[in-house]
Amino acid sequence: MPALLAGLLLSLVLASTAYAIEPIKISEDDVALDLSGAVQIFRGQGKTFQVSTAPGPDGIVRRIEIEAKNAQSSGDWGVFALANTTDRQIDRLIVAPHFRLVNSGIFWPDLGSSRIAAITPSEGFALDRQVSPDADVFQVTLDPGAVVTFVAELSSPTLPQVYLWAPEAYKDSVNSYTLYRGIVIGIAGLLALFLTILFVVKGTSMFPATAALSWAVLAYICVDFGFVNEIIEIAPGNQQIWRAGTEVGLAATFVVFLFAYLNLNRWHGHFSYGALVWMAGLALIAGVAVIDPAVAAGIARVSFAATAIVGLGLIILLGLRGYDRAIMLVPSWVMVLAWLAACWMAITGVLNNDMVQPALSGGLVLIILLIGFTVIQHAFAGGALHQGLFSDLERQALAIAGSGDIVWDWDVLRDRVTTRPDVSVQLGLSVNTLGGPARNWLPILHGDDRDSFRTTLDVVLEHRRGKVSQSFRLRGADGHYHWFALKARPVVGSDGEVIRCVGTLVDVTEQKKSEERLLHDAVHDNLTGLPNRELFLTRLETVISIAKTGEAVRPTVIVIDLDRFKKINDSLGISAGDTILLTIARRLHRLLKPSDALSRFSGDQFVFMLLSEQDPARIAEFADSIKQAIRAPINFAKQEIVLTGSIGLVTWTGAQGLAADMVKDAELAMQQAKRFGGDRIEPFRPAFRSVGTDRLQIEADLQRAIERNELSLVYQPIVRLEDRSIAGFEALLRWDHPRRGAIPPSDFIPVAENCGLIVQLGMFSMQRAAEDLAGWQQQLGDVPLSISVNLSSHQLLRRDLINDVRTIVARTGIKPIWFRLELTESLVMDNPEQSAHVLGKLKKIGVGLSIDDFGTGYSSLSYLTRFPFDTIKIDKSFLDDPSPKRAVLLKSMVNMAHELGMSVVAEGISDERDALELRQMGCEFGQSFMFGPPMHADAALRILKEQNQKAQA
């Protein structure tokens, strides 16, 4: 019996756990979450409902009981759970729309109603209902880390949609939809009013039918958008009646419009009988809407679709018979069919998003708008313009008058030019200044256009055929020139001679200005107005062609690229970056002489073509002046900005055949200057051409280096200055290329950082170093021995770094304190907040942390105290400092490290005197070639064994 009771209890626990709700995790970044799929519906549970909650933070599932607050409760309940995964309190709105067209159904559709009567949380107070005519809105507040189960008392059999909104986002969404709905309702209202006025003016049956359809659409949209609630107070239970009534009205007026527009009662009596029966049926359905709105709405939807299909057949039938009205209705009907297809996909759930319903309402207005245009064509057809035909001369005269062109008429026999309207007035001259002989035009013609104007007219007179098509400039009274386009044809008399020349004169000044602007923009930079790359190369090609003729012309191309300009855009913004670029462009432009040229190739890259200087020394001085112009401080937003530039230059020697080759050589020199740290001038050398190729080859070979076991680690000893015993090693990566031999890290590490392989190399270094340390300790015993591995910026910013270190330490079985990670000072200070966060987590694992190259970066001591370093490595440059303050600086650094609880490693000790001095200052460790070069793991093991044997002896 006890076993049976235990089994029953266990089954009950398992059952409650099985029915526990899975919580939806939310964060501060979640603006709108669809909870529809996460809500579990329980039907027919009565007015008292019990349910298991979602597991809380402690993992315990509880059982709660809820009592219905609504006296008319149907016994339907919805359950869902929310989990606040953040460390802050989160406020959200639970929103359940009353009506949703999507998935509403064709037959017996869901016409909307109140969905949720109340929501009870598993902890805390009942949720506050927010006032909203279109949805059930409840405000919920989740404490940090809380997991709350919510039980919703449903007031309708279905719950189409539940959303979790951020309050401000929901407010913005409601405002956006309100604006859109207002625009659509406004357009629909104006359209209905306009068509009604048109019906008053034109009393044929087509216009009242169209007006009735437009008003039905307006009523449907007002109900759908909830605008009727703002005008008339509608009881909650009557919303379905209004919606069904507007759908029935829309279906009925659609039938009326089709019947009246196609004028089916004139020649097709059987169509009239069918339409009357159809409309009578819909009128009866309107009465059914009061009793059963869902049935009425379903029949109305079927009727609308049937009307569209029947209308399509009638349009095709009558269109084939040449009926104009049917043909003109085709575009509108295509839109109706497309709208119906979209509606079908929406109500059946194929289209499922919040934009579908307002988009379909807007589409309905567009359909009525297109139908209105079609009707307007009939309304104004048969006007005065169709009562008679024009003669060809009248038609041409009307066309010219309508175009606004100037008529240009040259009476050749009397040599008299006439323009109507007078072009003289347009130019600001006295009336009829350009009337009279054609030679009167020559003084105001632009000097470059006079000969062509005179020659064109002479050719027409000489050949007695052809046409005049010419553009020229005329000077106005204000001295500005206006462009005109003249198109004319000669009129030949009975004797074969030209008696007149008649055409049109058009002012094309704006067009010409646009063409000039387009041409200028095509070859100039939009920001600085400097020539762009294409124009610069064209000019350089010309100069090279002149230089090849033997003249004393030797162009020099100077490419300037601003160093770290991307940080300006990231920190101050793109607009500030553009302002700084304009400042730099003006400074560089001041250095130009008339024969030189300046261009902007790309974002922060400028190019000079120097012709004014030929002497190498003067060219170097000019390049240095460029460097100094860039380095001059720029005051912006109350701060001083200092920029530097990488400058590459090349002088034409005759070997460069093309301008593009010369520019490419200068760019290679600039890139070399940037590799050396920037803020320098680098003349081109042919060896630079192979640098880019070598980098690509190194990148390709580095991809396969790990797989081919070409990478290895060497270990440089770190000794105790007290007794010169080995305290640990620094792991250094080496690459033994099968063809190139040993490739120094300075060549392949930057390539690995650029192509993203540095993360794999870092993992290899940490894994191999930990494995070697574990192997040494197995053979030597548990001796105090550390291993240091360098960390790159890509590794420091990776989220997986913590797990990688933890996995390596656990897999190799070494003590975390003997596994050390080294970071450079500049690397840490690039992102101090992120670095402090990551280093703190690494310190919790127990690994050692060393800061390398200390004193060479730009850190502040206030930040340094926040980082959990336990070792400082003094850079070699401080030991090589010949100044008398060297000893004071070194001692200060050692004392500061000890005050912060850190040990000190001095790098680059070159002689015993330095080692003794550092030991006296309190420096514990040293690392340099004096104590041992980098060695492979087996050699390191031999040295450790010898040291161990001496210690035991």
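For this chain, numbers begin at 1 and follow the sequence in order.
Residues D804 and M763 have side chains in contact (heavy-atom distance under 4.5 Å, counting atoms from C-beta outward). By the 4.5 Å heavy-atom criterion applied to side chains, L879 and L918 are counted as neighbours. Residues W735 and D701 form a side-chain contact, since some pair of their non-hydrogen atoms from C-beta on lies under 4.5 Å apart. Here the side chains of I626 and I681 are not in contact, with every heavy-atom distance at 4.5 Å or above. The shortest distance between side-chain heavy atoms of I909 and L721 falls below 4.5 Å. Annotation: side chain of L643 is in contact with side chain of I568 (closest heavy-atom distance under 4.5 Å). R768 places none of its side-chain heavy atoms less than 4.5 Å from the side chain of L711. In this structure the side chain of F925 never reaches within 4.5 angstrom of the side chain of T871, judged on heavy atoms.
Side-chain atoms of S725 and R720 form a donor-acceptor pair, as typed in the model, at a separation below 3.5 Å. For the residue pair Q767 and E771, a side-chain donor N or O sits within less than 3.5 Å of a side-chain acceptor on the partner.
By the neighbour-count criterion of 12 heavy atoms within 6.0 Å, atom NE2 of H589 is sparsely surrounded, having that number or fewer from other residues, nucleotides or ligands. Annotation: E899, atom CD; neighbour count of heavy atoms from other residues, nucleotides and ligands within 6.0 Å does not exceed 12. Around NZ of K664, the count of heavy atoms belonging to other residues, nucleotides or ligands within 6.0 Å does not exceed 12.
Listed for the D596 side chain is a donor-acceptor partner under 3.5 Å among the backbone atoms of K593. Without hydrogens or angle criteria, N895 side chain to K891 main chain gives a donor-acceptor distance under 3.5 Å. With Q672 contributing its side chain and E682 its backbone, the two residues share no donor-acceptor pair below 3.5 Å. A distance-only check finds no donor-acceptor pair linking the side chain of E907 to the backbone of Q927 [under 3.5 Å]. Between the side chain of Q777 and the main chain of I814, no donor-acceptor pair closer than 3.5 Å is present. A donor-acceptor pair is defined here as one N or O able to donate and one able to accept, closer than 3.5 Å; no such pair exists between the side chain of S765 and the backbone of L732.
Atom CE of residue M902 and atom NZ of residue K873 lie 15.0 Å apart, to the nearest 0.5 angstrom. In this structure, the separation between CZ on F729 and CH2 on W776 is 5.0 Å, given to the nearest 0.5 Å. Once rounded to the nearest 0.5 Å, the distance linking CG of L823 with OG of S835 reads 7.5 Å. For the atom pair CZ (R724) and CD (E912), the distance works out to 4.0 Å, reported to the nearest 0.5 Å. In this structure, CD on E822 lies 10.5 Å from CD1 on I851, to the nearest 0.5 angstrom. Atom CD1 in I749 sits 8.5 Å away from atom OG in S792 (nearest 0.5 Å).
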Evaluation steps, side-chain contact (heavy atoms from CB on, under 4.5 Å), between L733 and N790: CA-CA 9 Å; L733 190 62; N790 290 290; over 6 Å; no

Test log, rule side-chain contact (heavy atoms from CB on, under 4.5 Å), inputs I787 and F819: CA-CA 5 Å; I787 196 80; F819 188 71; 3.7 Å; yes

Stepwise side chain to side chain donor-acceptor pair (under 3.5 Å) check, D561 with S646: CA-CA 5 Å; D561 189 271; S646 298; 5.9 Å; no

Derivation and outcome, side-chain contact (heavy atoms from CB on, under 4.5 Å), residues D870 and R820: CA-CA 10 Å; D870 45 36; R820 312 186 69 82; 2.3 Å; yes

V783 and L944: CA distance, side-chain angles, deciding distance, side-chain contact (heavy atoms from CB on, under 4.5 Å) verdict: CA-CA 10 Å; V783 297; L944 290 172; over 6 Å; no

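In terms of heavy atoms, L849 sits closest to P868 at CD1-O, 3.7 Å. Summarising the geometry of I647 relative to A623, their closest heavy-atom pair is CD1-O, 3.8 Å, with the distance given to 0.1 Å. Between I630 and T644, the shortest heavy-atom distance links the atoms CG2-C, 3.9 Å. Taking all atoms of both residues into account, the shortest heavy-atom contact from K627 to R680 is NZ-CA, 4.4 Å. For the pair P555 and M662, the tightest heavy-atom approach, listed with the atom from each and the gap, is O-CE, 3.0 Å. Among all heavy-atom pairs drawn from F565 and G577, the shortest one is CZ-O, 3.4 Å.
Listed by chain and residue number, nothing satisfies the side-chain hydrogen bond (donor to acceptor under 3.5 Å, both in side chains) test with S788 (two or more places apart in sequence, or in another chain).
A salt bridge links D914 with R886: at least one charged nitrogen is closer than 4.0 Å to a carboxylate oxygen.
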Which donor-acceptor pairs under 3.5 Å do the side chains of residues 599-610 make with protein atoms, sequence neighbours left out?
from : atom 1 : to   : atom 2 : distance (Å)
S599 : OG     : P531 : O      : 2.5
S599 : OG     : N532 : O      : 3.3
R600 : NE     : S602 : O      : 3.1
R600 : NE     : G603 : O      : 3.2
R600 : NH1    : D525 : OD1    : 3.0
R600 : NH1    : D525 : OD2    : 2.8
R600 : NH2    : G603 : O      : 2.8

